[in-house]
Amino acid sequence: MLNITGYIFLLLGSQMYQRYFKHYELFKLTAMGWFIGIAMAPFTYALIFRWNLEWGISDTTLMLFDDAISEVASQAFIFLPMTVLYAKITPPHIEATCFAFLASASNFSGIFGGVVGAKINEWFVGVTQEDLSGYWKLVTIGYVCSTFPLIFRYWLLPTNADIERLQKSMNEEQKTNEVEPEETKKTK
Amino acid sequence: LSLGGAVGAIISALLADNFPASYSFLGTGFIGLIMAIMVANTSSDIEDVGEKSDEKDKNRSCMADLKKNLSEIKEALSVPEYYSVIIYFFLKGFTNPKFGTFGYYFQTDVLKTS
């Protein structure tokens, strides 16, 4: 049920990005994604501490709501803008290799995040499958740490103007490369 | 992608609820086999769409391919917009721990849902 809801809202996230957010600056979209994640924090804590049962909200309802919003946010504000960015900054003629390299760097980032999370738990928190009482601490660490990428995104993520400039220079370079061999042929 | 995922989720839920687990594994294995056969029958000519590669390109060895790819990555890494995004990913992975596995155990063991 969760998976199905997730996929349906994934579709909604794609539509939202296509209609409303595709011209936004990437660093603004990542900030919006982060903000939605933080706004959902009270619901996550409600689920962890079982406050939802006191409020009369079932676990499934809250999880579906949480999952739906998270899917829309991750699709519209993180996944799609990043994929569009890969396609735009990849130099011509070497698209396949460079796109694959960017995608693998992004995947590596996710996997490495999992390793860091496991180490943090091992060294500082000690949550196990049998004892999940400290899970809220991990969630808190996750929320606090999610602010760090916001700090360096200003310096590292290109703006729309940067991308446009890069694309122009790549197109010009491509045109020059296409013209040069023809001129060489003529002189021969 | 999301429609395919939703249909897949419904089918897997029906399979898991109404049939023994071995049926799901059998189905997964069978789909994998079909995909392997389809990939094996894919024509390498589709790689030539847009630009024509010469015979030399087609007969290149694995090491030569690797060298070519590495040189392409090196060329891309000379673009500031490209390498800054790569640095962003690395820093993000390092500073943004993920606790998805614990969340999964919390869902299955405490909330008793999946």
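Labels below follow one simple rule: chain letters A, B, ... track the order of the sequence lines, proteins then strands, and each chain is numbered from 1.
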Exceeds 12 heavy-atom contacts within 6.0 angstrom, atom OH of Tyr105(B): no
Between Lys92(B), Glu81(B), Glu75(B), the one whose heavy-atom pairs under 4.5 Å with chain A are most numerous: Glu81(B)
Residues, nucleotides or ligands: over 12 heavy atoms within 6.0 Å of Phe49(A) CZ: yes
Which atoms of Val110(B) approach chain A - backbone, side chain, both or neither, heavy atom under 4.5 Å: both
Residue pair Tyr143(A) / Thr147(A), side-chain heavy-atom distance below 4.5 Å: no
Side chain / backbone / both / neither for Leu47(A) at chain B, heavy atoms under 4.5 Å: both
Part of Tyr83(B) lying under 4.5 Å from any heavy atom of chain A: neither
Minimal non-hydrogen separation, Leu150(A) against Ala31(A), with atom names: CD2-CA, 3.7 Å
Side chain / backbone / both / neither for Ile120(A) at chain B, heavy atoms under 4.5 Å: side chain
Gln167(A) atom CD, neighbour heavy-atom count above 12 within 6.0 Å: yes
Residue Leu138(A) versus chain B: region with a heavy atom under 4.5 Å: both
Part of Leu157(A) lying under 4.5 Å from any heavy atom of chain B: side chain
Contact origin within Asn69(B) toward chain A - heavy atom pairs under 4.5 Å: both
Part of Met82(A) within contact of chain B (heavy atom distance under 4.5 Å): side chain
Top of Tyr135(A), Phe112(A), Phe108(A) for chain B proximity - count of heavy-atom pairs under 4.5 angstrom: Tyr135(A)
Chain A contact via Leu70(B) - side chain, backbone, both or neither, heavy atoms under 4.5 Å: neither
Tyr45(A) atom OH, neighbour heavy-atom count above 12 within 6.0 Å: yes
Side chain, backbone, both or neither of Ser104(A) within contact of chain B (heavy atoms, under 4.5 Å): neither
Electrostatic pair Asp162(A)-Arg165(A), nearest N-O below 4.0 angstrom: yes
Top contributor to chain B contacts, counting heavy-atom pairs under 4.5 Å, from Ile111(A), Val139(A), Ile48(A): Ile48(A)
Option that, when pairs with chain A are counted at under 4.5 Å, heavy atom only, ranks first among Leu91(B), Leu77(B), Val79(B): Leu91(B)
CZ on Phe43(A) to CG on Asp66(A), rounded to 0.5 Å: 8.5 Å
Residue pair Lys68(B), Glu72(B): steps toward the salt bridge (Lys or Arg N to Asp or Glu O under 4.0 Å) verdict: CA-CA 6 Å; Lys68(B) 185 177 170 269; Glu72(B) 286 174 357; 3.0 Å; yes
Greatest number of heavy atom pairs closer than 4.5 Å to chain A - which of Ile10(B), Asn96(B), Ile87(B): Asn96(B)
Which portion of Arg50(A) sits near chain B, non-hydrogen atoms under 4.5 angstrom: side chain
Separation between CG of Leu132(A) and CG of Leu111(B), rounded to the nearest 0.5 Å: 10.0 Å
Pick from Gly110(A), Gly114(A), Ser106(A) with the largest number of heavy-atom pairs that fall under 4.5 Å of chain B: Ser106(A)
Donor + acceptor pair across side chains of Tyr88(B), Ser109(A) (<3.5 Å): no
